[in-house]
Each structure stands twice: as C-alpha cells, then as structure tokens.
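All remarks here apply to the structure that follows.
Not measured: the values here are computed from a predicted model. Side chains are part of it too, since the values below use all heavy atoms of this structure and drop only hydrogens, waters and symmetry mates.
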Amino acid sequence: MACLLALAGAAAAQPADVPRPLSWPIELQADDRPALAPPPAGWDRPRDGIPHGRLEMLDYDSRTVGTRRRMLVYTPPGHDPLRAYPVLYLLHGIGGDETEWQRFAAPEVLLDNLIADGLAQPMIVVMPNGRAQPNDRAEGNVFAAAPAFARFERDLLDDVIPAIEARFRTRTDRDGRALAGLSMGGGQALNFGLTHPERFAWVGGFSSAPNTRAPAELLPDAGAARQLRLLWLSCGSLDGLLRVSQGVHARLQALGVPHVWHVPAHGHDAAQWRQDLYHFAQRLFQ
Ligand code: FER
C-alpha cells in the first residue's frame, strides 16, 4: 500500500488538465480468480543450510541515455562462470528504481529457496532502472517520467542486454531470456516483450499500469503472443489497476492465445509481486 500512498502524493502535483487515473472501480469477472495456490510456509524466509546466490550492483554505459547507469544483478548459488545461464530481466514500478525488487520481494531469497528445492532453474536475474533519463532517481512528480519508461525499450535492448551478455556467460537465444515487471514495469514487459518475441520467450506483466498499450494495439493479432513459451498476466483483485490487465486478458481470450491469468486477493502491493515472482520463476526456462 505504501506504493499507492506515495503515488497519491505524486498525482496531487499533476496540473488539473492532465488527468491521471490512479485507479478505477473494480468490477470482478467470473474468471478473475487465483490460477495458483498460495506459496507454502517458509517460501519467503531466508534459509540456513542451503547454498546462496549473490547480489551485486553493476554499472553499464547507456548509449540510449548517454550516462552510466546501474543495475542490480542476482547470480545463482554456485554460479559457474563457464556455464551459460538463462536470464530474467525484472522491471520496477513508477516510484521505484534498480533497488525496488530487492526491497519489495527479496528475489535472492525466493530464488535461493526455489533453486534449493529443485523448483526453479538456476538463472541470472537482472534488475535495471526502467527510467531511461539522465536523472533516473524516483524524485518529484514520478508521473512526469512516464516517457522515460517508454524510452527504456532501447536502453534494455541495446545497452542493458549487451552489457549483461558481455559481463556474464548467458544464453543468448530467446528461450534463454525472460522479461517481467511490476506495474509500470509490467506495462513495459508487455509492450516490449510482445513486440520482440525474437528476444524474449517468457513474458510476465504483474499488476500492469496504464502505460500498457491498449489491448488491440498491444495484440493486433495472435502472432507474437503465440510465439511465447509463457505469457503471464496477473493482478490483485483489490488493485484499482485491475482493469488494465482485464483488458489484455480479454483480448488474449478473444484471440485464443494461451496464457496464465492469475488474480489473487491482493492490492497494488509487494505481497502481490513477491508471490508473482515465486510462481513465475518456477515456470521459466523449463
Ligand atoms: C497511472 C497510474 C499508475 C499511471 C501509472 C501508474 C502512467 C503506475 C503505477 C506503478 O508503477 O506503481 O495512471 O500512468
């Protein structure tokens, strides 16, 4: 909830002639239900006695922005520099930055536990900063940076991915790359993932924000979506942005495209994103 409270403050700074719906009334449809059971006890607790991965903050040169930018990178337990790992690119929300996923969901804990239990493939997780502008801190009116979230498409494809693939041995085929995000990052993941199925085979939008392209524009036909190995859509049933995801889900249904539609009883908050990552990570690179 902290996130939406912060947003409410940000929205108040908008000029009156720029309407920014923070949320809409929630109208639940019959199939707006959880697709998966809640995680078992202990899923998000750090465990002793299992191997742990590593988090490191890396810099890269962004030709797109013209600055040096930061990204947080998780390497899995027993990372073998000679092995080509698959990579999940994980994008944050409008009030976040490259540290948001770590603060909200502790991906290093979830992944360490899933990998120890044999439930997820060892993978590298990259958490870049999705605000592609020279000052990429979440300051002032965070909505004013919405265009920079669109510009991040080039930073991700031309700068972030090449920097990761130069720094680590990784898989470089589409089946070895996943893209997901929360809220603004969910919109980015759907917008970029569905226009670049040649780069990503696994795409997830968690609580996607109104930066998500309109359904008919996002999915002019079933072509790109059908190429994906996994298309994951989820949103909390108590989230005022649910309408955005419902629109994408309805379009996918109309086109007959298989996808996960997961609507548990959460708001626009970290509890939703933590369990999204838990479920999504298990389905990647299998
Ligand atoms: C909006 C409401 C919410 C919007 C973006 C958001 C671009 C993003 C929320 C988040 O990232 O948590 O109208 O417009």
Side-chain angles (χ1 to χ4, degrees), residues 1-3 34-59 70-93 96-129 160 163-165 167-171 175-182 185 189 201-202 204 206-207 229-230 232 234 236 260 262 264-267 269-286:
M1 245 331 138
C3 179
L36 298 152
W43 65 290
D44 58 351
R45 295 273 178 285
R47 275 198 237 158
D48 293 330
I50 61 166
H52 296 285
R54 210 165 98 83
L55 276 177
E56 57 185 323
M57 190 63 82
L58 297 179
D59 290 350
R70 303 201 313 168
M71 52 189 170
L72 189 59
V73 178
Y74 167 84
T75 44
H79 178 245
D80 172 357
L82 297 179
R83 175 169 162 195
Y85 289 88
V87 185
L88 164 61
Y89 293 87
L90 203 48
L91 311 180
H92 62 79
D97 60 23
E98 66 279 2
T99 67
E100 184 176 74
W101 265 104
Q102 200 277 325
R103 290 182 283 111
F104 281 3
E108 72 284 13
V109 174
L110 305 192
L111 267 293
D112 283 356
N113 290 347
L114 288 171
I115 293 167
D117 292 341
L119 293 174
Q121 296 292 330
M123 66 183 85
I124 293 174
V125 181
V126 177
M127 293 158 270
N129 181 307
V160 170
I164 288 295
E165 295 181 357
R167 170 74 178 69
F168 300 99
R169 270 205 73 166
T170 67
R171 291 193 33 197
D175 280 5
R177 278 196 215 103
L179 179 62
L182 69 88
W202 320 80
F206 310 159
S207 321
R229 301 280 304 276
L230 173 65
W232 169 284
S234 58
V260 173
H262 179 48
H266 289 296
D269 56 35
Q272 170 74 20
W273 304 321
R274 211 173 285 144
Q275 60 80 45
D276 271 323
L277 180 59
Y278 171 85
H279 291 303
F280 184 73
Q282 294 181 56
R283 283 156 184 80
L284 298 180
F285 314 125
Q286 301 283 0

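Rounding to the nearest 0.5 angstrom, the gap separating the CG atom in L277 from the CG atom in L182 is 10.0 Å. The distance from the CH2 atom of W202 to the CG atom of L230 is 6.5 Å, given to the nearest 0.5 Å. Atom CE of M57 sits about 8.5 Å away from atom CE of M127, to the nearest 0.5 Å. In this structure, CD in Q282 is found 5.0 Å from CG in L114, a value given to the nearest 0.5 Å. Note that CE of M71 and CG of D97 are 14.5 Å apart. Values are rounded to the nearest 0.5 Å. Distance CZ/R177 to CD/E165: 4.5 Å, rounded to 0.5 Å.
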(request) Report the C-alpha separation of D276 and H262 in whole Å, then their side-chain angles, then the decisive distance to 0.1 Å, and conclude whether the side-chain contact (heavy atoms from CB on, under 4.5 Å) test is met. (result) CA-CA 9 Å; D276 271 323; H262 179 48; 4.0 Å; yes
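No side-chain donor-acceptor contact under 3.5 Å links H266 and Q275.
Counting all heavy atoms, side chain and backbone alike, P34 lies closest to P264 at CG-CA, 4.0 Å. The nearest pair of heavy atoms linking G181 to A189 is N-CB, 3.8 Å. Shown here for A178 and F285, the closest heavy-atom pair between the two residues is CB-CZ, 3.7 Å. Closest approach of Q272 to S207, counting heavy atoms only: CG-OG, 3.6 Å. Between E56 and R54, the closest heavy-atom pair is OE1-NH2, 3.2 Å. For H92 against P128, the heavy-atom pair with the smallest separation is CD2-O, 3.5 Å.
Side-chain contact between L72 and W101 is absent, with no heavy-atom pair separated by less than 4.5 Å. Side-chain contact between L91 and L179 is present, with at least one heavy-atom pair separated by less than 4.5 Å. Proximity of V109 to H52: side-chain heavy atoms (C-beta onward) are nowhere separated by under 4.5 Å. For the pair V260 and H279, the minimum side-chain heavy-atom distance is 4.5 Å or more.
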Validation: residues 73-81 side-chain donor-acceptor distances under 3.5 Å, sequence neighbours left out:
from, atom 1, to, atom 2, distance (Å)
Y74, OH, D112, N, 3.4
Y74, OH, D112, OD1, 2.6
D80, OD1, L82, N, 2.9

Using atom types as modelled, flag every donor-acceptor pair under 3.5 Å from a side chain in residues 35-50 to any protein atom, sequence neighbours excluded.
from, atom 1, to, atom 2, distance (Å)
R47, NH1, D117, OD1, 3.2
R47, NH2, D117, OD2, 2.7

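Looking at E100, its side chain does come within 3.5 Å of a backbone N or O of G93 through a donor-acceptor pair. Counting only distance, with no hydrogens or angles, the side chain of R274 and the backbone of F104 share a donor-acceptor pair below 3.5 Å.
Ring geometry for F280 versus W232: interplanar angle over 60°, hence perpendicular rather than tilted (30 to 60°).
The pair R167-D59 does not meet the salt-bridge criterion, since no charged nitrogen lies less than 4.0 angstrom from a carboxylate oxygen.
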